[in-house]
Amino acid sequence: MSQPDAKLQCSSPGEENSPHSAAPLNVDTSAISVFEVVFRHACPASEVTSELASKRQGFGLAWLLFDFIKKGRCRIPIPSLDLSGFSLSAGKLDLLLRSVPSALVE
């Protein structure tokens, strides 16, 4: 799979990198690129990310988001993570905590 050159950051509509801008977009339909665009567009808040990570229905998406951030595939600020409502197994908690970006652990 090809790796995109630019790192994705959250942006709001009207910004230079917005999909509504006049600049041409390089279209890469690989699964990684699709998720990068989805994460960039959604730019989930810490509260949303915490809730996703704590429940079965959102665990995989939160894990993938953390993995993308940790590997530098996208830059989404997550200043805090509240797992007080975590309702899954200890193994899943361990997996999630190993994928948490180092900036959150510090």
Side-chain angles (χ1 to χ4, degrees):
M1 274 189 229
S2 64
Q3 294 278 342
D5 293 334
K7 305 296 183 227
L8 294 174
Q9 296 180 351
C10 292
S11 62
S12 19
E15 287 187 11
E16 185 177 314
N17 293 328
S18 166
H20 306 290
S21 67
L25 297 174
N26 294 333
V27 178
D28 182 356
T29 57
S30 71
I32 290 174
S33 294
V34 170
F35 278 112
E36 287 174 345
V37 170
V38 168
F39 290 146
R40 177 181 179 199
H41 180 72
C43 198
S46 295
E47 297 81 16
V48 172
T49 306
S50 296
E51 187 170 338
L52 281 172
S54 297
K55 306 287 187 240
R56 181 176 176 263
Q57 296 86 349
F59 176 82
L61 189 57
W63 174 83
L64 187 62
L65 173 62
F66 293 151
D67 190 61
F68 271 48
I69 294 170
K70 189 171 186 174
K71 291 180 178 175
R73 289 190 174 132
C74 61
R75 297 181 195 151
I76 296 176
I78 301 177
S80 64
L81 183 64
D82 177 9
L83 296 176
S84 60
F86 193 83
S87 61
L88 303 171
S89 70
K92 289 204 173 161
L93 180 59
D94 181 55
L95 177 66
L96 185 70
L97 292 176
R98 283 187 280 129
S99 68
V100 170
S102 58
L104 258 177
V105 177
E106 295 172 352

Next item on the list: Report the C-alpha separation of F39 and I69 in whole Å, then their side-chain angles, then the decisive distance to 0.1 Å, and conclude whether the side chain to side chain contact (heavy atoms under 4.5 Å, CB included) test is met.
Entry: CA-CA 10 Å; F39 290 146; I69 294 170; over 6 Å; no
Check: Would a 4.5 Å heavy-atom cut-off, applied to side chains only, mark F66 and I78 as touching?
Finding: yes
Notebook entry, point to check: Within a strict 4.5 Å, meaning less than it, do heavy atoms of the L65 and P44 side chains meet?
Noted result: yes
Could you give the side-chain donor-acceptor pairs of residues 88-95 under 3.5 Å, partners two or more places apart or in another chain?
from, atom 1, to, atom 2, distance (Å)
S89, OG, K92, N, 3.2
D94, OD2, R98, NE, 3.1
D94, OD2, R98, NH2, 3.3

Margin query: To the closest 0.5 Å, what do you measure between CZ (R56) and OG (S87)?
Written below: 10.0 Å
Report all side-chain donor-acceptor pairs from residues 48-55 shorter than 3.5 Å, counting only partners two or more places apart or in another chain.
from, atom 1, to, atom 2, distance (Å)
T49, OG1, A45, O, 3.1
S50, OG, S46, O, 2.9
S50, OG, D82, N, 2.9
S54, OG, S50, O, 2.8

Note to self: Distance check, rounded to the nearest 0.5 Å: F35 atom CZ versus D67 atom CG?
What the structure shows: 11.5 Å
